[in-house]
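First up is the structure itself, then whatever we jot down about it.
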Amino acid sequence: MRVLSVGDDALLVEVASGAQAEALHAELLRRRAAGLLAAREIVPAARTVLLDGLTDPGRLAAELAVADVPPAPPREQDVVEIPTRYDGPDLTEVAAHWGVSEQEVARIHAAAEFRVAFCGFAPGFGYLTGLPARYDVPRRATPRTAVPAGSVALAGPYTGVYPRSSPGGWQLIGTTEAVLWDHARVPAALLAPGTRVRFVPADQADQADQAEQARPVGAV
């Protein structure tokens with residue numbers, strides 16, 4: 001763990017992996033909730049965690065340099081389900097990279113439970129982990145100038161959903177109508193670091209909606 005000073009009241013903590021960054025973020029949140037840490041902001045990234053608004057950054061830096069951080073515990077919260085149509089233009093390429101059929105790509109992806117490791121790039125964009133390392137895929141050699149909002153995409157170890165149209169080089173495997181960022185919603189972002197996520201094939205989501213609508217009033 002490497003601890004760097006940032007201005008007068010912030011620290012940037014560098015670690016060796018995404019899993020360590022998630023674990024450190026979870027531990028710092030736990031300490032703040034228990035009243036053991038005063039920090040205005042605790043912001044995770046791929047391999048760093050930024051702490052801002054510290055009252056005594058020097059003391060905390062010394063503590064973190066020798067800290068033994070436990071693995072991130074499972075979060076007890078509802079899973080955010082994102083209805084997804086596996087119809088992306090890069091589905092064939094991803095299937096070839098994985099050595100499976102396009103239908104199997106959808107099955108493998110929908111069977112995984114994801115966790116938001118961190119957010120960035122655009123408001124509402126979460127970097128989700130959950131697929132085994134053997135399913136890592138490279139970014140496209142030539143990025144697209146415009147990726148449609150709602151595109152479900154893969155790059156390296158991450159899954160992400162584009163909250164708005166923007167340039168991007170991720171491999172597009174599907175689409176969703178889920179709204180990732182809504183100014184009128186509280187909170188505005190559908191996903192936050194630590195959120196559990198599942199991608200539900202749209203036909204399954206449609207069947208669940210139909211079953212709910214067909215249920216008689218008062219039935220449970």
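Note that the coordinates shown come from a computational prediction; the quantities given were computed from them, not determined experimentally.
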Side-chain heavy atoms of [X] within contact of [Y], under 4.5 Å:
X    : Y    : answer
L128 : R115 : no
L131 : F114 : yes
H97  : P138 : yes
Y162 : L172 : yes
V147 : P167 : no
M1   : V13  : yes
T175 : V152 : no
Y86  : P201 : yes

Is [X] linked to [Y] within one hydrophobic cluster, defined over Ile, Leu, Val, Met, Phe, Trp and Tyr using a side-chain heavy-atom separation of less than 4.5 Å?
X    : Y    : result
L24  : F118 : no
L91  : V100 : yes
V69  : L28  : yes
Y127 : I173 : no
I82  : V79  : no

[X] [atom1] to [Y] [atom2] distance, which is reported to the nearest 0.5 Å:
X    : Y    : atom1 : atom2 : result
W98  : D136 : CH2   : CG    : 9.5 Å
D56  : L60  : CG    : CG    : 8.0 Å
R185 : L180 : CZ    : CG    : 7.5 Å
R198 : E113 : CZ    : CD    : 5.0 Å
R107 : S101 : CZ    : OG    : 9.0 Å

Original post:
Would you say the side chains of D9 and T55 form a donor-acceptor pair under 3.5 Å?
Top reply: no

Minimum-distance pair of heavy atoms, taken over all atoms of [X] and [Y]:
X    : Y    : value
P163 : P123 : CG-O, 3.3 Å
T84  : G174 : CG2-CA, 4.4 Å
G126 : C119 : CA-SG, 4.1 Å
V66  : A62  : CG2-O, 3.7 Å
A112 : G130 : CB-O, 4.2 Å

Original post:
Given the rule in the side-chain contact (heavy atoms from CB on, under 4.5 Å) test, do V161 and S151 qualify, once you have shown the distances and angles that lead to the verdict?
Top reply: CA-CA 5 Å; V161 181; S151 295; over 6 Å; no

Subject >> For R144, side chain to side chain donor-acceptor pair (under 3.5 Å) partners two or more places apart >> reply: D90

Subject >> Ring centres under 6.0 angstrom apart (F121, W170) >> reply: no

Subject >> Aromatic ring proximity, centroids under 6.0 angstrom, F125 and Y158 >> reply: no

Original post:
Counting N and O atoms only, with roles assigned by atom type, does the side chain of Q20 sit under 3.5 Å from a partner on the main chain of A16, one being a donor and the other an acceptor?
Top reply: yes

Original post:
Can you list the steps and then say if L190 with V179 is a side-chain contact (heavy atoms from CB on, under 4.5 Å)?
Top reply: CA-CA 7 Å; L190 179 64; V179 178; over 6 Å; no

**OP:** Quick one: which residue pairs count as a salt bridge (Lys or Arg N to Asp or Glu O under 4.0 Å) with a foot in residues 60-74, not counting sequence neighbours?
**Re:** R59-E63

Original post:
Near E104 CD, under 6.0 Å, is it more than 12 heavy atoms from other residues, nucleotides or ligands?
Top reply: yes

Tell me which donor-acceptor pairs under 3.5 Å the side chains of residues 30-53 have, and how far apart each pair is, sequence neighbours excluded?
residue, atom, partner, partner atom, Å
R30, NE, E27, OE1, 3.1
R30, NH2, E27, OE2, 2.8
R31, NE, E27, OE2, 3.0
R32, NH1, A39, O, 3.0
R32, NH1, R40, O, 3.4
R40, NH2, D52, OD2, 3.2

